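Beneath this line is the structure, given in structure tokens, with notes to follow.
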Amino acid sequence: MSKRLNYKNAFKRASRVLADRRLSNKLITEAKETLTSRAKASEKISQLKNKIFTLIRLVKAYTKGKYRDISLKSMLYTVGVLIYFITPTDIIPDFIPVSGYLDDASLILWLYNHLGQELQQFMAWESNQEEKQINDRNFD
């Protein structure tokens, strides 16, 4: 997945990734790995770590068919941003100190704000799932 691309190409590829479970699993794995390494290298990315993990969990729940209460357009944006995030040669190459991750961080913040209520609903659903699991374990 790590070919040179800009954000427009990332969004074009997003529909293919959403339609192919193998590609979406690869994206999830690469996004986690990229986040782990970049959080160590960039304070800005480190500050966004929880937000990025939320986006990764959203894609995972969606592609597994567990959570579908979100518009397709929002999912395409989410997948597109994650594709852009894992690509080291984006608009501002990631090897450039400080500013190399600035475009990634800006795009992630934009997406997080853009998703707004849909993301809040996902996090509420996710929290409810965790509560169900705890309650189910208590009755076993």
Side-chain angles (χ1 to χ4, degrees):
M1 278 200 201
S2 297
K3 298 214 185 313
R4 182 172 180 81
L5 80 154
N6 59 33
Y7 62 91
K8 288 181 184 178
N9 291 337
F11 294 125
K12 286 179 185 176
R13 293 179 57 199
S15 59
R16 281 186 285 156
V17 170
L18 274 180
D20 186 326
R21 187 128 186 204
R22 184 185 59 79
L23 288 176
S24 50
N25 286 338
K26 186 176 179 182
L27 172 65
I28 290 165
T29 300
E30 287 186 26
K32 287 178 184 177
E33 291 169 359
T34 301
L35 176 56
T36 301
S37 66
R38 289 192 188 169
K40 293 175 186 172
S42 167
E43 180 64 29
K44 192 68 164 168
I45 297 297
S46 183
Q47 292 171 357
L48 297 174
K49 193 173 183 178
N50 289 334
K51 288 179 177 10
I52 299 167
F53 270 131
T54 300
L55 298 173
I56 292 168
R57 290 191 315 270
L58 172 61
V59 171
K60 186 174 183 179
Y62 186 89
T63 57
K64 286 187 171 192
K66 293 181 178 183
Y67 186 80
R68 293 293 176 117
D69 195 20
I70 188 167
S71 70
L72 178 59
K73 183 177 181 180
S74 292
M75 282 309 302
L76 291 172
Y77 280 137
T78 302
V79 170
V81 167
L82 288 177
I83 290 170
Y84 186 83
F85 176 70
I86 67 172
T87 305
T89 54
D90 44 36
I91 301 246
I92 302 172
D94 295 336
F95 63 82
I96 297 173
V98 182
S99 62
Y101 297 122
L102 189 58
D103 60 328
D104 294 338
S106 298
L107 200 53
I108 289 161
L109 286 173
W110 170 84
L111 176 65
Y112 215 81
N113 291 326
H114 177 77
L115 293 179
Q117 185 62 32
E118 286 183 301
L119 198 53
Q120 294 299 321
Q121 289 173 332
F122 167 71
M123 291 187 296
W125 172 84
E126 196 175 40
S127 178
N128 192 20
Q129 296 303 304
E130 291 170 6
E131 288 177 26
K132 280 184 185 177
Q133 289 177 352
I134 291 169
N135 289 335
D136 289 347
R137 278 188 237 132
N138 289 337
F139 290 110
D140 287 342

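Everything numeric here is computed off the predicted structure, so don't read it as measured data.
For Arg57, the salt bridge (charged side-chain N to carboxylate O under 4.0 Å, His left out) test picks out Glu126, with sequence neighbours left out. Residues passing the ring-ring contact (aromatic ring centres under 6.0 Å, His included) test with Tyr62: none are found, sequence neighbours excluded. Scanning for ring-ring contact (aromatic ring centres under 6.0 Å, His included) contacts around Tyr112 gives an empty result, with sequence neighbours left out.
A distance of 8.0 Å separates CG of Asp69 from CD of Glu118, quoted to the nearest 0.5 Å. To the nearest 0.5 Å, atom CE of residue Met75 and atom NZ of residue Lys73 are 15.0 Å apart. The distance from atom CD1 of Ile108 to atom CG of Leu35, rounded to the nearest 0.5 Å, is 8.0 Å. With values rounded to the nearest 0.5 angstrom, Ile70 atom CD1 is found 11.0 Å from Gln117 atom CD.
Between Ile86 and Glu33 the shortest side-chain heavy-atom distance does not fall below 4.5 Å. Side-chain contact between Val17 and Val59: absent, with no pair of heavy atoms (C-beta onward) separated by less than 4.5 Å. Residues Leu107 and Tyr84 form a side-chain contact, since some pair of their non-hydrogen atoms from C-beta on lies under 4.5 Å apart. Counting heavy atoms from C-beta outward, Phe53 and Lys32 have side chains that approach closer than 4.5 Å. Under the 4.5 Å side-chain criterion, counting only non-hydrogen atoms from C-beta, Thr36 is not in contact with Lys49. A heavy-atom distance below 4.5 Å is not found between the side chains of Leu119 and His114.
Counting only distance, with no hydrogens or angles, the side chain of Ser24 and the backbone of Arg21 share a donor-acceptor pair below 3.5 Å. Judged by distance alone, with hydrogens and angles left aside, the side-chain atoms of Asn113 form a donor-acceptor pair with the main-chain N or O of Leu109 at under 3.5 Å.
When all heavy atoms of Thr78 and Leu111 are compared, the closest pair comes out as CA-CD2, 3.6 Å. Of all non-hydrogen atoms in Gly80 and Ala14, the two that sit nearest each other are N-CB, 3.7 Å. Contact detail for Ala31 and Phe85: the closest heavy-atom pair is O-CE2, 4.0 Å. Between Leu18 and Leu76, the closest heavy-atom pair is CD1-CD2, 3.8 Å.
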side-chain contact (heavy atoms from CB on, under 4.5 Å) between Thr63 and Leu27, worked out = CA-CA 11 Å; Thr63 57; Leu27 172 65; over 6 Å; no
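Taking the six-membered ring where the residue is Trp, Tyr67 and Trp125 present tilted rings, their angle falling between 30° and 60°.
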